[in-house]
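The sequence lines fix the lettering, A, B, ..., with proteins before strands; numbering per chain opens at 1.
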Amino acid sequence: MSQQTITPRNRNHSQWYHDVIQSAGLADYSPVRGCMVIRPEGYAIWESIQRQLDKRIKRLGHVNAYFPMLIPQSFLTKEAEHVEGFAMECAVVTHSKLEKDSGNQLQPAGPLEEPMVIRPTSETMINHMFSQWVQSYRDLPILMNQWCNVMRWEMRTRLFLRTSEFLWQEGHTVHETEEEAEQETLRMLDTYAEFCEKVLAVPVIKGRKTNKEKFAGAVHTYSIEALLQDGKALQAGTSHFLGQNFSKGFDIQYLSREQKLEHAWTTSWGVSTRLIGALIMTHSDDQGLVLPPAVAPQLIAIVPILNKKQDDTEVRNTINQLLSNLLPKDAIKIESAHNDDIEKYIIDENTNQQIVVDYRKHRPGDKRYYWEKRGIPLRIEIGPREVESRSCMVKRRCDDTRATMQIDDLTPDWLQDQTNTIYNLMFEKAQQFTQQNTRTANSYEQLKQLLEEDAGLVRCYFEPNDEIEKIIQEETKAAVRNIPFDQTDDLGTCIYTGNPTTTQVYFALAY
RNA sequence: CGGGGUGUAGCUCAGCUUGGCAGAGCGCCUGGUUUGGGACCAGGAGGCCGUAGGUUCAAAUCCUAUCACCCCGACCA
């Protein structure tokens, strides 16, 4: 079962990324250009993200609902900037059936009276519905979320980071006042940041998008930006304050406390399967995927070292003793439909996280690599040598450390402790990387020079301006990622215009 | 939509210039020897050579058309 090797990062970074995904079995290309198949290993990560983020969203009072995938084309045009932003990447449904022509070839037939657009996002549909549901201030706020797929006909795609169809969550809210909507926007950005850092161990920079980079139709957009291993930045999540743009376009009016008809204030916010791309690009190494414990489908892979010549009863007995210590009382053994010789134990039914024992008849080395490239946080090895001493070898994926442990010491508490340690190691490493690859520029020349020398984030004083940002992007390929929240009040000079300004921004190449 | 390139086994590709039995490596299956960091040997399965037409005794190879995909630009969570 020896497998293809993973291309080292320094040789070809995008090939490495592709190899990691393939070897971990996360996703595959599909016959449809730009659309990926998310395989079980990858989908388990998405389910974990969903579960843990959904919990946070609901805690804040939002409720889940589902809206149609098809949107009447006319809806798109109701908010001028919005249609401008998405028109170029909409898949359009124009017919309702297929019929055979004279050559017996199938042809689209039954043209629709009005073409439908496959949602690139659901602002239009959801706000249309909101307009029917909102009558008075008593109906507000509406805090709603949906988990769904969306489609944007992308020119260039990469697995997880940019695909034409992707899975996401889109929250949409309606508020009485501007302040309340603004607060909601920030509250969700905070939720995303906390989630990325605490669950995915991906450090992010919170900030506001410039006018040029904001969401089409938003008054302003906030983002969290992650710096990936190759020095490019990734917008990992966005939260939009939509002002009254959509409430005016879709006529969301309510009777206020003052008996006046007012337009409501709306927000929207989302994160997508792109987070899995961020996860891969933040933590993985030349050996393959590295997963933070919170989203790893399996926390521990136990690899018995078996030798056909010897009786393996003792090894199996020792592993069973280890399991009886390590598994929580309510662990559940998975019934396997086909006998693949991997025993799987669910240790937490809420998260579906598992501990597995790999009894397959492969060489030990093969099995080690198998679990390593899948990013499983911990591996435990037990062979004839360890039986006598009731010990085992514990290997940590994230920093490749190994330790000999007594099997009696491996308890649920020990696992919890390891989980915390691994999270801390991974987060600190990622944080350190971000810091080390963040530099400051005092002039446009220096910005250009820094970006040329090495990818990464460059912080500098800059007055956001559509035209200038366009020029800079043409000249450097880099764009303003965001205007970070951690501004000082110090006065500086804009690197491009030389005007005095207090605004500092991050520039970077981006996905 | 502009510029460049490629379509041959599951994957990576050779073969095409100069037409003559459809190939290699990896992966897969079977058997054996192995087994503490990616094993080895033997055997085997797997092909509309992108598609359609043409030239020819004969086409993966030459010609024409067509489709698809990839790379570089313009657009993007």
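- Here A/Tyr192 and A/Tyr222 keep their ring centres 6.0 angstrom or further from each other.
- Looking at heavy-atom distances under 4.0 Å, A/Phe166 makes contact with a base.
- Atom CD of A/Glu89 is separated from atom C1' of B/rC1 by 16 Å (rounded to the nearest Å).
- For A/Glu372, counting side-chain heavy atoms from C-beta on, the closest listed nucleotide (B/rU35, B/rG37, B/rA74) is B/rG37.
- Annotation: side chain of A/Leu322 is in contact with side chain of A/Ile380 (closest heavy-atom distance under 4.5 Å).
- Distance noted for atom C1' between B/rG2 and B/rG38: 46 Å (whole Å).
- Annotation: of the two residues near RNA chain B, A/Thr157 and A/Lys361, the 5′-most nearest-nucleotide partner is A/Lys361.
- Residue contacts shown for A/Leu234 are absent, as no nucleic acid heavy atom lies under 4.0 Å away.
- A straight line from NZ of A/Lys367 to C1' of B/rA39 spans 15 Å, rounded to a whole angstrom.
- Within residues 377-386 of chain A, the residues that place at least one heavy atom under 4.0 Å from RNA chain B are, in residue-number order, A/Arg379, A/Gly383, A/Pro384, A/Arg385, A/Glu386.
- Considering only side-chain atoms of A/Arg402, the nucleotide from B/rC76, B/rG36, B/rG37 that sits closest is B/rG37.
- The C1' atoms of B/rA52 and B/rG20 are separated by 24 Å, rounded to the nearest whole Å.
- Distance A/Gln15 CD to B/rC71 P: 11 Å, rounded to the nearest Å.
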Item checked: Dot-bracket encoding of pairs in RNA chain B, which uses [ ] for pseudoknotted crossings and | for another strand, Watson-Crick or G-U under 3.5 angstrom -> (((((((..((((......[..)))).((((((.....)))))).....(((((..]....))))))))))))....

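- For the C1' atoms, the distance linking B/rC72 with B/rC13 amounts to 23 Å, nearest Å.
- Judged by the 6.0 Å and 45° rule, A/Lys367 forms no cation-pi pair with A/Tyr370.
- When ring centroids are compared, A/His82 and A/Phe86 come within the 6.0 Å threshold.
- Residue-level contact check: A/Thr163 touches the bases, meaning some heavy atom is under 4.0 Å from a base atom.
- Comparing the P positions of B/rU12 and B/rG50 gives an interatomic distance of 15 Å, to the nearest angstrom.
- A salt bridge links A/Asp286 to A/Arg9: at least one charged side-chain nitrogen sits closer than 4.0 Å to a carboxylate oxygen.
- Of the listed residues (A/His62, A/Gln169, A/Glu170), just one forms a side chain to side chain donor-acceptor pair (under 3.5 Å) with A/Asn145, and that residue is A/Gln169.
- Within 3.5 Å, no donor on the side chain of A/Arg152 pairs with an acceptor on the base of B/rC76, nor the reverse.
- Side chain of A/Asp366, nearest nucleotide from B/rA39, B/rA74, B/rC76: B/rA39.
- Considering A/Glu123, A/His240, A/His172 as possible partners of A/Ser268, the one that fulfils the side chain to side chain donor-acceptor pair (under 3.5 Å) test is A/Glu123.
- As rounded to whole Å, 18 Å separates atom C1' of B/rC69 from atom CD of A/Glu154.
- Between B/rC21 and B/rU6, the distance separating the two C1' atoms is 27 Å to the nearest Å.
- Rounded to an integer number of Å, the gap from A/Arg363 CZ to B/rC40 P is 9 Å.
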Pairs of donor and acceptor atoms involving the side chains of residues 200-209 of chain A, under 3.5 Å and at least two apart or interchain, shall be tabulated with distances.
from     : atom 1 : to       : atom 2 : distance (Å)
A/Lys206 : NZ     : A/Asp190 : OD1    : 2.7
A/Lys209 : NZ     : A/Glu225 : OE2    : 2.8
A/Lys209 : NZ     : A/Gln235 : OE1    : 2.8
A/Lys209 : NZ     : A/Arg481 : O      : 2.9

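- If you take atom P in B/rU17 and the same atom in B/rU64, they sit 15 Å apart, rounded to whole Å.
- Here the C1' atom of nucleotide B/rU35 and the CG atom of A/Asp312 are 13 Å apart, to the nearest Å.
- A/Lys395 comes within 4.0 angstrom of a base, heavy atoms only.
- Using a 4.5 Å heavy-atom cutoff, the side chains of A/Phe507 and A/Arg459 are not in contact.
- At a threshold of 4.0 Å, the pair A/Glu372-A/Lys395 does not count as salt-bridged, since none of the basic side-chain nitrogens sits closer than that to a carboxylate oxygen.
- As rounded to whole Å, 16 Å separates atom P of B/rG38 from atom NE2 of A/His362.
- Aromatic ring centres of A/Trp269 and A/Trp168 lie farther apart than the 6.0 Å criterion allows.
- The distance from atom CG of A/Asp286 to atom P of B/rG38 is 18 Å, rounded to the nearest whole Å.
- As judged by a 4.0 angstrom heavy-atom cut-off over every strand, A/Thr238 is placed among residues touching the sugar-phosphate backbone only.
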